[in-house]
2 protein chains.
Amino acid sequence: MVQENTVKNITIADVAEALGVSKTTVSRAISGKGRIGAETREKVLDYIEEHNYTPNVIAKSLAQSKTYNIGVMIPSEYDIIDLPFFQSCLFGIQEIAATMDYDILLTISKPEDTSQLERIVTNRKVDGVILMRTFVDDKQAKMLAKRGIPFATVGGTNVKEAIQVDQDHQSACKELTSILLMKKMKRIALVGGDEKHVVTQKRLKGYLDAFKEAHIPVTEDLIYLGMNNPVLLDQKIEEILKKGADCIISMDDALCGSVLKKLRAEHVKVPQDIKVASFYNSSVLENNVPSITSLSFDEKELGMVACRELMNAIEDKEINRATTLGYQVILRESTLQA
Amino acid sequence: MVQENTVKNITIADVAEALGVSKTTVSRAISGKGRIGAETREKVLDYIEEHNYTPNVIAKSLAQSKTYNIGVMIPSEYDIIDLPFFQSCLFGIQEIAATMDYDILLTISKPEDTSQLERIVTNRKVDGVILMRTFVDDKQAKMLAKRGIPFATVGGTNVKEAIQVDQDHQSACKELTSILLMKKMKRIALVGGDEKHVVTQKRLKGYLDAFKEAHIPVTEDLIYLGMNNPVLLDQKIEEILKKGADCIISMDDALCGSVLKKLRAEHVKVPQDIKVASFYNSSVLENNVPSITSLSFDEKELGMVACRELMNAIEDKEINRATTLGYQVILRESTLQA
DNA sequence: CTGAAAGCGCTTACAG
DNA sequence: CTGAAAGCGCTTACAG
């Protein structure tokens, strides 16, 4: 009310002086730590409420050696742009972080490049980090482990210091494949991206599991990984068609989009001539005709869990070293029997 | 080399003591500010290089009342998920910020909700902010202006304190509309999203401009804004078809995707029965058959410029109050003449 | 060109 | 239950 300008921020010292108590007391009233009389506490709290005092987080940071920031690392690979995955996940992270008064420091870089991550770590700008994607040989995870800073990974990793939060891609892919096998498909092609992604390996394993469980020999010749290149993909799709596949599982919707495009170009009809299934159930394929059978995951939940576990680690609370979230199989026109 | 563990970080005081100089001198050697002998500076720089000293940014922050963070606000509206726009833009921001040793503090919230933004501002966690989307009555921009913190907007705004960086949606939409008019289309429908977005208004203006310039009466009855609801949109598309439109311009690719879906459902062929054009040229429609005529913008560039200008403002350098970036019109099958 | 000292705004043993 | 004082690791007038 009486405050004329916002130039000068009120500090803990101002409050202490105004109330005739020590800074220690004010600090304790605010933080809730340490013994303090209920009456004194009330008095302080009322005062700061009225004069809307807000603590200087930077000063707090310095005194406590904490930043109240968590780093979030997004890989800058081109295909990422296409997937709404990261955005949904980020929403979840932010939602949890905000309730704990933490903020998100965003970093984007290539997975082999640890420099951005090193920067925020050596600059002491974060208390922990979340890696949004894991790799088979994960430089970033290793670096964080070596430096001893708490971190969570979205996706599995063999770096044991990590707090892992993952969707069950293996079971998901296994169930999808099993269903397709039960639908009497014999030659099911699997098309995937970078083999260095842990998630690619998990899906492959699920695919193989399904065959094993059904006692059907795996169609090894129909497994195509590393299909990040559209030209290469087109070429391999032709190969797949020649080999007489009756179904193609794509490991993500962007990939599946490219597959569908190629099939159209080749005048191969879905699902009449060949069945198609995908991962993610994202908006990328939302408008496709026919509708596409897909595996669906809750990405926001994934972000929330990762953030919550990381916060627990930062605050030395109990944590789950590894959490696995569920999935849904959504059957649609693209795998309909003739 | 000799360092056995990373537990204890080396400080400016350690360096000073080891070298027999004052902390002031060390500080000056590092920052480059203030007079200092070339020889002394060398000595200090060599030492910190060798012992890989890294400054504590938090301490620096407190002393300078600077955070070396910029806040980036992403609106949490559902349709955002679909557009790769923000991700590309973020890449650009990060690229510039990193070179200046700044980091990105990410915030996500509803446009009417200023609480998240207030939090990072009152917590003094950022030196400036970038708003990734503007609104006709922009609460967040107004709040930042009132608080006197430097900010840039991606998109236009009437809040004069803002540093505006925008794509020329008005000219883009005008040129697209003009081309369609020249192609002898008479009844061009315009379908757009939220009228409260500044960008929606700009596109509308461009559309109207084109008619005016061509001395053709505007097809007012074919303008449909606020089409964020799929059910509503479907209904309006039927209306548009009944009214005999020969073309539909959609204000973004997600919207256009829904339009195309509805047209397919109604067995209306593109481009034979009706032409279609869109904005953004994003991956969302990449695989559509026919290919879709679209306006294309350089989103990464947009982020880079916004970030650069904001940094200049923060460091009290000269700034451009408003920057407008170009666009491309990409003509494809969806507007081909019969 | 260099340094002693105060200051940024908090927290936290330690003592009472 | 409360406080004086030291400390977090920098920067920056001020003086020499």
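Comment: B:Lys139 engages B:Asp137 in a salt bridge, judged by a side-chain N to carboxylate O separation of less than 4.0 angstrom.
A:Arg41 places its CZ atom 12 Å from the C1' atom of D:dC1, with the value rounded to the nearest Å. Residue A:Lys60 contributes atom NZ, which lies 12 Å from atom C1' of C:dG9 at whole-angstrom precision. When the P atom of D:dT2 is taken as reference, atom CD1 of A:Ile36 falls 6 Å away, rounded to whole Å. Rounded to whole Å, the distance from NZ on B:Lys43 to C1' on C:dC1 is 13 Å. Rounded to an integer number of Å, the gap from B:Tyr53 OH to D:dG9 P is 10 Å. Atom NZ of B:Lys33 and atom P of C:dG3 are 19 Å apart (whole Å). Counting to the nearest Å, the P atom of D:dG9 and the CD1 atom of A:Ile58 are 15 Å from each other. Protein atom CD of B:Glu17 is 15 Å distant from nucleotide atom C1' of D:dG9, rounded to whole Å.
The nearest heavy atom of DNA chain C to B:Gly20 and to B:Ala59 marks one nucleotide each, and the one closer to the 5' end goes with B:Gly20. Remark on DNA chain D: of its neighbouring residues B:Pro55 and A:Thr40, the 5'-side contact belongs to A:Thr40, judged by nearest-heavy-atom nucleotide.
Other residues, nucleotides and ligands contribute only 12 or fewer heavy atoms inside 6.0 Å of the CD atom of A:Glu17. More than 12 heavy atoms of other residues, nucleotides or ligands shown are found within 6.0 angstrom of CD on B:Glu315. Atom NZ of A:Lys66 sits in a crowded spot, with more than 12 heavy atoms from other residues, nucleotides or ligands closer than 6.0 Å.
A:Val21 comes within 4.0 angstrom of the backbone, heavy atoms only, and of no base. Nucleic acid contact class of A:Ser31 (heavy atoms, under 4.0 Å, all strands): none.
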Please write out the pairs of protein N or O atoms and N or O atoms of nucleotides 4-7 of chain D separated by less than 3.5 Å, giving the distance to one decimal.
unit_1	atom_1	unit_2	atom_2	d
D:dA4	N6	A:Thr24	OG1	2.6

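Across every non-hydrogen atom of A:Arg124 and B:Pro55, the tightest pair is NH1-O, 3.1 Å.
One finds no side-chain N or O of B:Ser27 lying less than 4.0 angstrom from the OP1 or OP2 phosphate oxygen of D:dC10. The shortest distance between the side-chain N/O atoms of B:Ser65 and the OP1/OP2 oxygens of C:dC8 is not below 4.0 Å. Proximity of A:Tyr68 to the phosphate of C:dC10: no side-chain N or O atom is located under 4.0 Å from OP1 or OP2.
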Checklist entry - If you write DNA chain D from 5' to 3' in dot-bracket form, with Watson-Crick or G-U pairs under 3.5 Å, [ ] for crossing pairs and | for pairs with another strand, what do you get? => result |||.||||||||.|||
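Judged by distance alone, the side chains of B:Thr324 and B:Asp166 never bring a donor and an acceptor atom under 3.5 Å apart.
With values rounded to the nearest 0.5 angstrom, B:Ile314 atom CD1 is found 8.5 Å from B:Met100 atom CE.
In terms of the side-chain hydrogen bond (donor to acceptor under 3.5 Å, both in side chains) criterion, residue partners of A:Gln94 (sequence neighbours excluded) are, by chain and number, B:Gln116.
B:Tyr68 does not carry A:Lys125 over the face of its six-membered ring by the limits of under 6.0 Å from the centre and within 45° of the normal.
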Item to check | Verdict with supporting geometry, A:Arg147 and A:Glu118, salt bridge (Lys or Arg N to Asp or Glu O under 4.0 Å) | outcome: CA-CA 10 Å; A:Arg147 291 200 170 220; A:Glu118 304 232 27; 3.0 Å; yes
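C:dT12 and C:dG16: their C1' atoms are spaced 16 Å apart (whole Å).
The side chain of B:Leu62 lies closest to C:dG9, out of C:dG9, D:dC10, C:dC1.
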